[in-house]
Amino acid sequence: CNRPRMDQRDPGGRLGPYIEESQPDMRNLEVFCELCNEGDIIFLLTDGIHDHLDPRQLGKTPADFGLQGTWELLRPDLTERLKQTFAIELLSQILSRSQNPKAVIDTLLSYSTKVTKAIRDFMTADPKAHAPQDKKQYPGSLDHATGFAFYVGGKQIPPSTK
């Protein structure tokens, strides 16, 4: 991986004031554009949910995708493509029955809670212990989990989802 190692105490971005009292820290802000249709649901997630869509956080290895080596040895573009494909497929499974914005967020929060159960149980049993690094046995990451979802378009909920 060509990225510099991040300091775990520094999130690399904050919504609230940071360096100057009136300026947010936007170091890791990314902007994306995607065409939407009226009635589509857009959801915004913090890393406390988003990280649980990453195969590495769930204890998956490149071998699980038919590849040799470690995540660190894969080309960054291949790693990103695998992560995106995995996340899309996982979201399709998780959200298969979610019909409205509230259900999307409720479902994703429930999913994140299930993913982190083993690590939360471990930390509850021994609060002074360091979090184990074995993602197969202790998947996920402990972080704030927040999400927001809304319909694209007018104020009315599409009739098919009422």
Could you give the distance from CD1 (I105) to CG (L108), rounded to the nearest 0.5 Å? 6.0 Å
Shortest non-hydrogen separation from M123 to L142 and the atoms involved: CG-CD1, 3.8 Å
Listed by chain and number, what are the side chain to side chain donor-acceptor pair (under 3.5 Å) partners of K135, not counting sequence neighbours? Q57
For K102, does the NZ atom sit with more than 12 other heavy atoms under 6.0 Å from it, leaving out its own atoms? no
Within the structure provided, determine whether L53 and Y111 are in side-chain contact (heavy-atom separation under 4.5 Å). yes
Exam field: side chain D40 to backbone N37, donor-acceptor pair closer than 3.5 Å: yes
List in chain and number order the residues that pass ring pair (Phe, Tyr, Trp, His ring centres under 6.0 Å) with F122, two or more places apart in sequence or in another chain; answer none if no residue qualifies. Y138
Working to the nearest 0.5 angstrom, can you tell me the gap between D77 CG and T79 OG1? 8.0 Å
Can you name the closest pair of heavy atoms from G69 and P62 and give their distance? O-CG, 3.6 Å
Pairs satisfying side-chain hydrogen bond (donor to acceptor under 3.5 Å, both in side chains), at least one member in residues 84-94, at least two apart: none
R56 side chain vs K83 backbone, donor-acceptor pair below 3.5 Å: no
Walk me through whether V152 and I41 qualify under side-chain contact (heavy atoms from CB on, under 4.5 Å). CA-CA 6 Å; V152 171; I41 298 173; over 6 Å; no
Using side chain to side chain donor-acceptor pair (under 3.5 Å) as the criterion, list what pairs up with R81, not counting sequence neighbours. none
Are the side chain of H52 and the backbone of L58 linked by a donor-acceptor contact shorter than 3.5 Å? no
Going from CG on L67 to CG on L73, what distance comes out if it is rounded to the nearest 0.5 angstrom? 12.0 Å
What is the distance from atom CG of D51 to atom OG1 of T116, rounded to the nearest 0.5 Å? 11.5 Å
Within a strict 4.5 Å, meaning less than it, do heavy atoms of the P101 and F148 side chains meet? no
Would you give the length of the straight line joining atom CG of D54 to atom NZ of K60, rounded to the nearest 0.5 angstrom? 12.0 Å
Please output the side-chain donor-acceptor pairs of residues 42-50 that fall under 3.5 Å, not counting sequence neighbours, one pair per line with the distance.
residue	atom	partner	partner atom	Å
T46	OG1	H144	O	3.0
T46	OG1	T146	N	2.9
T46	OG1	T146	O	3.3

Heavy-atom side-chain proximity of W71 to L82 below 4.5 angstrom: yes
Sequence-distant partners of K114, side chain to side chain donor-acceptor pair (under 3.5 Å), two or more places apart: none
